[in-house]
Amino acid sequence: MTKKQKQKNATIYTKKKQYFSDVHGLPSIEKLVCSVDDTPQPISTRIRGNVPSWIHGNLLRNGPGKFEFGNTQFNHWFDGMALLHQFRIEGGTVTYMSRFLNSDCYKMNAESDRIVVSEFGTLAMPDPCKNFFQRFLSRFENT
């Protein structure tokens, strides 16, 4: 199969979103930088092998989980909104749940349905309507 045929097959295979690595065959973290939904209710997991019965507790992890609000996207992997993961190990079983960290930045972005707080690699653009009206109304203040 020629390189052009491989590229064509990769394009056909990835109809909904085409990634750089699918076309060029190069490793990329592009597929890691996508939003996921939270899982607020515990779900059972499938385990390969056995979990010793004496192991019990919670394993907590965090990482980016949301990379866009409305039509705006974060530009860097460090900018994604925090998603907290909990793996509960008890009686040889494991359940999983996750939720977004309800930070001030997350709330402000969610309320506006766009990125309004600048992050490490993403500069938030001000709302043009708000700036225009603020400038207009400032002419009438203190008069």
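Everything quoted here is computed from the prediction, not taken from an experiment.
- The two residues S98 and H85 have their closest heavy-atom pair at CB-ND1, 4.1 Å.
- Between L123 and S118 the shortest heavy-atom distance is CD1-OG, 3.5 Å.
- Between V51 and V94 the shortest heavy-atom distance is CG2-CG2, 4.4 Å.
- Residue N50 places its CG atom among 12 or fewer non-hydrogen atoms of other residues, nucleotides or ligands, all under 6.0 Å distant.
- A donor-acceptor contact shorter than 3.5 Å links the side chain of T72 to the backbone of I115.
- For the atom pair CZ (F78) and CD (E119), the distance works out to 12.5 Å, reported to the nearest 0.5 Å.
- Atom CG of L83 and atom CG of D38 lie 7.0 Å apart (nearest 0.5 Å).
- Within the model, atoms CG of N75 and CZ of F120 stand 11.5 Å from one another, a figure rounded to the nearest 0.5 Å.
- Side-chain contact, D79 with T122: a donor N or O sits under 3.5 Å from an acceptor N or O.
- Nearest heavy-atom pair, I55 versus I89, reported as atom, atom and distance to 0.1 Å: O-CG2, 3.6 Å.
- H56 NE2: 12 or fewer foreign heavy atoms inside a 6.0 Å radius.
- Distance check, rounded to the nearest 0.5 Å: CZ of R114 to CZ of F69 gives 12.0 Å.
- Y96 OH: more than 12 foreign heavy atoms inside a 6.0 Å radius.
- In this structure, CE on M81 lies 10.0 Å from NZ on K66, to the nearest 0.5 angstrom.
- Note: Q41 CD to T39 OG1 = 10.0 Å, rounded to the nearest 0.5 Å.
- Checked against a 6.0 Å centroid threshold, the rings of F100 and Y106 count as neighbours.
- Between F67 and S35, the shortest heavy-atom distance links the atoms N-OG, 2.7 Å.
- Nearest heavy atoms, E90 versus R88: OE1-NE, 3.4 Å.
- R61 is listed as a side-chain neighbour of L59, based on a closest heavy-atom distance under 4.5 Å.
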